[in-house]
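Everything on this sheet refers to the single structure shown next.
One-based numbering, in listed order, for ligands and for the atoms of each. These numbers come from a predicted model, not from an experiment. What you see below is based on every heavy atom in this structure, not just the backbone, and it leaves out hydrogens, waters and symmetry mates.
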Amino acid sequence: MRVGIFSTKKYTRTFLTAANERHGHELVFFEPRLTVETAALERGFPAWCIFVNDRADTDVLKLLRTGGTRLVALRCAGFNNVDLAAAKELGLTVVRVPAYSPHAVAEHTVGLILALNRKIHRAYARVRDGNLALDGLLGFDLHGRTVGVVGTGRIGTIVARILSGFGCHVLACDPVANEDLEDVVKYVTPQELLGGSDIVTLHCPLTPATHRLIDAAALEQMKEGAMLINTSRGALIDTQAVIAALKSGRLGYLGLDVYEEEADLFFEDLSDQVIRDDVFARLLTFPNVIITGHQAFFTREAMDNIAETTLANVSDFEADRPLANEVTIEMMASQGGV
Ligand code: NAD
């Protein structure tokens with residue numbers, strides 16, 4: 001099948017090309033993101049493969065459909081960037097990669113916790129500058145601390161197990177409790193989780209119900225000086241409220257791999273440009289904030305799995321086989337959305 005690939009980077013091409021030796025599709029790589037402008041440019045692709053910051057809203061999907069597209073294949077787990085109601089109306093099938101390596105994201109999450117706590121980002125810069133003083137680098141033992149895991153699906157479950165291994169007490173909230181985790185976590189209400197945790201880490205999907213889950217009111221409920229980690233989707237937190245909480249000291253640490261307005265920033269080398277996003281620029285000024293550019297998924301194992309599952313999804317669609325990884329508006333509704 002002829003598959004156009006938006007938001008191509010060198011690594012996208014490498015992993016998809018290698019996996020395609022088993023599938024034999026015609027892959028055509030494009031560097032730009034999917035937008036109304038780029039959707040109008042290219043026609044004649046029955047399938048388009050898109051990534052986290054490609055915007056498949058109603059207008060874009062209409063343009064793709066007019067151009068002959070029947071399949072939108074996400075090469076990621078989250079599908080908040082696709083208007084599923086519009087896709088259904090237009091007769092477009094949407095598939096994704098639900099699990100490629102939850103370990104990759106869980107391990108990066110724990111990496112952010114450890115780096116923030118022990119100030120490894122600051123120590124690295126200091127030592128390279130010949131400053132071996134310890135002042136300002138004081139951390140705390142994770143052992144014995146309480147961590148709140150919001151969402152115990154594939155990633156949250158692994159985070160809970162890793163942190164339990166560190167000797168942390170793990171609280172969790174999820175509308176669908178994971179019975180296999182009950183030896184490791186205590187399920188509580190969101191209020192109990194926020195009030196009782198030294199570290200809160202977000203692992204739920206972005207839906208209308210979880211949009212800005214961590215707002216000013218939620219931050220007020222958190223322990224003074226607690227740590228907040230978000231490796232899920234940027235809009236789970238109200239960034240302005242988080243900045244206010246960092247300034248007042250209510251929030252002690254912030255670790256982000258995602259940012260609400262990341263589409264205009266992430267995955268690009270902007271090192272010789274001025275950052276025009278004042279909110280993002282303000283976040284970069286805090287010593288107790290670490291931001292990574294949506295890299296939690298980025299391991300060899302995850303990239304192999306993403307490429308293989310994406311192309312297998314396309315092969316299944318082409319051969320009219322059942323689609324194990326289809327995403328539908330009904331699925332979104334069952335997760336508390338629309
Ligand atoms: P999953 O579907 O396996 O688990 C999500 C869990 O969140 C489910 O158990 C669900 O019941 C729960 N949930 C839904 N609404 C909730 C709420 N209001 N409060 C608490 N829990 C709620 O998903 P996953 O594979 O674990 O991925 C989690 C998220 O991580 C994805 O939605 C995606 O946005 C993000 N992600 C980020 C990266 C990255 O590179 N940073 C990579 C993959 C996934």
Side-chain angles (χ1 to χ4, degrees), residues 7 9 11-12 51-53 74-82 84 96-113 147-162 170-182 185 187-194 197 200-215 218 221 229-237 255-260 262-263 266-267 290-303 305-306 309-310 325 327-328 331-338:
S7 298
K9 299 288 177 201
Y11 47 83
T12 321
F51 196 45
V52 289
N53 289 327
L74 288 150
R75 53 180 191 277
C76 54
F79 48 87
N80 52 288
N81 52 336
V82 181
L84 292 173
R96 65 167 178 154
V97 185
Y100 40 86
S101 173
H103 297 282
V105 184
E107 289 168 15
H108 190 79
T109 302
V110 178
L112 287 175
I113 293 173
V147 183
V149 179
V150 180
T152 51
R154 282 170 282 250
I155 296 167
T157 290
I158 298 169
V159 169
R161 288 203 182 280
I162 295 173
V170 186
L171 303 178
C173 66
D174 193 311
V176 190
N178 177 354
E179 282 173 20
D180 293 345
L181 259 191
E182 280 170 3
V185 310
Y187 279 98
V188 294
T189 63
Q191 292 70 27
E192 287 167 333
L193 183 145
L194 291 174
S197 302
V200 172
T201 181
L202 307 179
H203 301 289
C204 56
L206 176 62
T207 66
T210 61
H211 185 256
R212 300 210 164 154
L213 191 70
I214 304 296
D215 57 8
Q221 292 174 51
I229 304 287
N230 185 10
T231 58
S232 281
R233 285 292 180 266
L236 290 176
I237 68 173
L256 300 180
D257 186 52
V258 285
Y259 171 60
E260 188 166 7
E262 71 179 51
F266 285 14
F267 307 123
I290 296 183
I291 304 175
T292 52
H294 210 135
Q295 72 171 81
F297 72 98
F298 199 48
T299 65
R300 266 182 215 98
E301 292 78 1
M303 291 299 286
N305 292 339
I306 288 171
T309 306
T310 300
N325 299 322
V327 279
T328 60
M331 181 180 170
M332 183 87 167
S334 74
Q335 290 196 4
V338 205

May I ask you to check if ligand 1 and Ile155 share an N or O to N or O distance below 3.5 Å?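 N/O-N/O distance under 3.5 Å: yes.
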Looking only at distance, does Gln295 have an N or O less than 3.5 Å from an N or O of ligand 1?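 Between Gln295 and ligand 1, no N or O pair is found under 3.5 Å apart.
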Whether the side chain of Asp174 engages the backbone of Ala177 through a donor-acceptor N/O pair (distance < 3.5 Å, no angle test) should be reported.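 Absent.
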Counting only N and O atoms by type, is there a donor-acceptor contact under 3.5 Å from the side chain of Thr210 to the main-chain atoms of Thr207?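 Yes; judged by distance alone, with no hydrogens or angles, the pair exists.
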Going by side chain to side chain contact (heavy atoms under 4.5 Å, CB included), name the residues that satisfy it together with Arg212, two or more places apart in sequence or in a different chain.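 Listed in chain order: Asp238, Glu260.
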For [atom], which candidate among [options] provides the closest heavy atom?
atom: atom 40 (O) of ligand 1; options: Phe79, Tyr100, Phe297; value: Phe297
atom: atom 12 (C) of ligand 1; options: Asp174, Val176, Val159, Leu213; value: Asp174
atom: atom 19 (N) of ligand 1; options: Ala177, Pro175, Pro205; value: Pro175

Taking non-hydrogen atoms only, is [X] closer than 4.0 angstrom to ligand 1 via side chain, backbone, both or neither?
X: His108; value: neither
X: Arg154; value: both
X: Thr210; value: side chain

Would you indicate whether the side-chain heavy atoms of Arg75 and Ser7 approach each other to under 4.5 Å?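 They are in side-chain contact.
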Check: Asn178/Thr157 side-chain N/O donor and acceptor closer than 3.5 Å: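 Judged by distance alone, the side chains do pair up.
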Answer with yes or no whether Cys173 contacts ligand 1, where contact means a heavy atom under 4.0 Å from a ligand atom.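 It does, in that a heavy atom of Cys173 comes within the 4.0 Å cut-off of ligand 1.
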